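Let me begin by presenting the structure, written as structure tokens, before commenting on it.
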Amino acid sequence: MNQQNLPIAVVGGGIGGLSAALSLLRAGFDVHVYEQARELREVGAGLVIGPNASLLLYGLGLKDAMEAAGVAPLAWRQRRWQDGQTLLLSELASRTPPEFGAPLYTTHRADILGMLAAAIPAGRLHLGHKLATLTDDGRKVTLSFENGATATASAAVGADGIHSAVRRVLYGEEHPRFTGCVAWRGMVPADKVAHLDLPKESQLWMGPGKHFVHYPVSGERLINFVCLVDRDGWTKESWTERGDIKDVLAAYDGWHPQVTSLIGAVNEIFVWGLFDREPLPRWSTGRVTLLGDACHPMLPFLAQGAAQAIEDGCVLAACLKRGGDMAAALARYESLRRPRTSKIQLIARGNKTRNHLPDGPEQRARDVRMLAGDAEWSIGATDWIYDYDAAKASEDYLGLPPETLVA
Ligand SMILES: Cc1cc2nc3c(=O)[nH]c(=O)nc-3n(C[C@H](O)[C@H](O)[C@H](O)COP(=O)(O)OP(=O)(O)OC[C@H]3O[C@@H](n4cnc5c(N)ncnc54)[C@H](O)[C@@H]3O)c2cc1C
């Protein structure tokens with residue numbers, strides 16, 4: 001396989017698809033992105049970009065854009081729901097960099113999507129292209145879109161999210177699982193809650209059956225918050241709906257005034273049903289593979305879904321650039337990515353139980369561990385996730401003698 005100018009089709013122009021396209025372009029491929037939406041839009045919500053993802057975005061030439069788009073909080077703080085006791089304080093300012101190579105940023109999702117889209121060269125992002133189906137004849141992949149257009153490529157990447165059409169073509173219809181949790185998300189102007197004197201931190205508050213996260217975004221002009229609440233079912237047709245602030249305040253009745261004040265200060269709020277899947281046994285067939293939520297959707301309880309999609313794109317580009325047989329290159333991509341993303345998926349799922357323990361012996365045991373700094377599952381203690389350079393990991397792996405590489 002001569003990788004020079006090999007055409008690659010990326011289906012889906014979300015954070016995963018666009019960042020993968022940038023990694024693949026940088027590696028020399030002839031990349032086209034096909035996005036179903038007629039215009040790129042993101043929900044009005046926040047996004048944590050962990051150091052492991054910032055580092056890769058820096059590598060794509062987006063350091064200045066990230067500094068402009070993001071806020072670098074001083075710390076992650078985890079607290080008790082009622083009295084605000086700090087259970088875990090993870091300093092970020094002093095460690096990112098040099099320890100993690102790049103800062104953790106808290107951002108507005110629309111700013112990140114806009115930043116990535118602006119970096120894609122003209123003519124390579126095709127909006128209004130909803131994939132209908134694709135076929136792989138062993139030499140090329142042919143993609144058909146609902147608007148009647150077709151495209152061919154040497155490989156296709158399904159970065160089309162949790163409902164992935166590409167995943168359905170490869171592995172058949174299979175519905176994601178409702179996780180028993182919903183998320184209300186809101187943004188509050190920082191000056192409206194100036195009286196709370198919030199530190200420049202990401203804070204996660206844990207209580208029975210729910211938790212609450214807030215952090216500054218958009219040059220600290222806005223405070224983003226997410227309410228994550230256990231719920232038996234999700235019967236709504238759409239996966240996201242306008243919510244009622246009264247319902248949210250009722251759910252957080254009795255919580256610390258910092259939490260209820262933030263919720264009370266919002267003008268509008270939206271609610272999401274949260275879905276995930278079991279880790280998939282494989283992501284690739286022939287010349288087609290998956291990345292991001294298309295293959296490893298996860299609960300946002302480690303704030304790593306988008307970050308892992310960004311890592312996927314980096315590793316995929318490195319494996320394809322190395323050349324050789326396409327199926328073997330995709331197998332290498334999977335073998336490097338699946339163990340890490342599966343581990344993060346499962347720990348994020350476990351955090352639903354850990355973060356939402358009712359007050360009692362188990363909660364007290366958890367808190368003792370957190371206070372002792374023994375909580376590698378917790379969002380404020382995930383050095384093992386942050387201290388990872390996917391570009392370097394690819395180099396190390398692909399630098400091994402060929403016979404030791406999984407193909
Ligand atoms: C409440 C909440 C909070 C979160 N917080 C964080 C966080 O702080 N940090 C973090 O890293 N992650 C977070 N995540 C996870 C993160 O949002 C996702 O993991 C990430 O957006 C996945 O990116 P993606 O590109 O794989 O998929 P998506 O963002 O879903 O993008 C898929 C794209 O494909 C397009 N598409 C779909 N079908 C087709 C088709 N047939 N043809 C063409 N295009 C198609 C869609 O329109 C979309 O643009 C959070 C998630 C939730 C729900």
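Atoms within a ligand are numbered from 1 in the order they appear, just like the ligands themselves. No experiment lies behind these values; they were computed from the predicted model shown.
- From the protein, the heavy atom lying nearest to atom 16 (C) of ligand 1 is A306 N, 3.7 Å.
- Among protein heavy atoms, the minimum distance from atom 23 (O) of ligand 1 is reached at G16 N, 4.0 Å.
- Near G292, the atoms of ligand 1 lying under 4.0 angstrom from a non-hydrogen atom of the residue are 26 (O).
- Checking A159, G158, A132 against atom 32 (C) of ligand 1, the nearest heavy atom belongs to A159.
- Here R80 pairs with D359 in a salt bridge; the nearest charged N to carboxylate O distance falls below 4.0 Å.
- Between A37 and ligand 1, no N or O atom pair is found at a separation short of 3.5 Å.
- Atom 15 (C) of ligand 1 has as its closest protein heavy atom G305 CA, 3.8 Å.
- By the criterion of a heavy-atom distance under 4.0 Å, the side chain of R109, and not its backbone, is placed next to ligand 1.
- Here the protein heavy atom with the shortest distance to atom 4 (C) of ligand 1 is P300 CB, 3.4 Å.
- Nearest to atom 47 (O) of ligand 1 among the protein's heavy atoms is E35 OE2, 2.7 Å.
- Taking 4.5 Å as the limit, some side-chain heavy atom of H356 sits within range of a side-chain heavy atom of C181.
- Between R282 and E334, no side-chain nitrogen of the basic residue sits less than 4.0 Å from a carboxylate oxygen of the acidic one, so the salt-bridge criterion is not met.
- Looking at V48 next to ligand 1, an N or O pair under 3.5 Å apart turns up.
- Residue Q36 has at least one nitrogen or oxygen atom sitting less than 3.5 Å from a nitrogen or oxygen atom of ligand 1, judged on distance alone.
- Near V11, with a cut-off below 4.0 Å to any heavy atom, the atoms of ligand 1 are 42 (N), 43 (C).
- The residues D160 and R167 are annotated as not salt-bridged, no charged nitrogen and carboxylate oxygen being separated by less than 4.0 angstrom.
- At under 3.5 Å, a nitrogen or oxygen of L131, whether backbone or side chain, sits near a nitrogen or oxygen of ligand 1.
- The H129 neighbourhood of ligand 1 comprises atoms 42 (N), 43 (C), with distances under 4.0 Å to a heavy atom of that residue.
- Per-residue contacts place R185 under 4.0 angstrom from the following atoms of ligand 1 (heavy atoms of the residue considered): 1 (C), 2 (C), 3 (C), 4 (C), 52 (C).
- Remark: the backbone N or O of L398 is paired with a side-chain donor or acceptor of R322 at under 3.5 angstrom.
- Taking a cutoff of 4.0 Å between a charged side-chain nitrogen and a carboxylate oxygen, D191 and R221 do not qualify as a salt bridge.
- Residue M298 places every heavy atom at 4.0 Å or more from ligand 1.
- Side-chain atoms of I223 and L196, non-hydrogen and from C-beta on, never get closer than 4.5 Å to each other.
- The aromatic rings of F100 and Y386 sit perpendicular to each other, their planes meeting at more than 60°, with 30° as the lower class boundary.
- The aromatic rings of Y34 and H129 sit tilted, their planes meeting at an angle between 30° and 60°.
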- Task: Take D312 and W283, measure what side chain to side chain contact (heavy atoms under 4.5 Å, CB included) needs, and give me the verdict at the end.
- Result: CA-CA 12 Å; D312 289 344; W283 299 352; 4.2 Å; yes
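- Near A307, meaning under 4.0 Å from one of its heavy atoms, ligand 1 places the atoms 11 (O).
- Distances from atom 6 (C) of ligand 1 to the heavy atoms of D293, V226, L47 put L47 nearest.
- Nearest protein heavy-atom neighbour of atom 31 (O) of ligand 1: G14 CA, 3.6 Å.
- A salt bridge is absent between E362 and R366; no separation between the charged side-chain nitrogens and carboxylate oxygens falls under 4.0 Å.
- At a 4.0 Å heavy-atom cut-off, ligand 1 touches Y34 through the backbone alone.
- Scanning all protein heavy atoms for the shortest distance to atom 30 (O) of ligand 1 gives G161 CA, 3.6 Å.
- Counting heavy atoms under 4.0 Å from ligand 1, residue I162 does not touch it at all.
- If you check which protein heavy atom lies closest to atom 53 (C) of ligand 1, you get L274 CD2, 3.6 Å.
- Counting the atoms of ligand 1 from 1 in the order shown, those under 4.0 Å from a heavy atom of A165 are 41 (N).
- For ligand 1 and I15, the ligand atoms under 4.0 Å from any heavy atom of the residue are 25 (O).
- Checking only distances, A183 never comes within under 3.5 Å of ligand 1, N or O to N or O.
- Using cut-offs of 30° and 60° on the angle between ring planes, the pair F270 and W272 is perpendicular.
- Proximity of a side-chain donor or acceptor of R349 to a complementary backbone N or O of R277 within less than 3.5 Å is detected.
- Checking N355 against Q78 by side-chain atom types alone, no donor-acceptor pair falls below 3.5 Å.
- We find that R177 and D276 are joined by a salt bridge, their nearest charged nitrogen and carboxylate oxygen being less than 4.0 Å apart.
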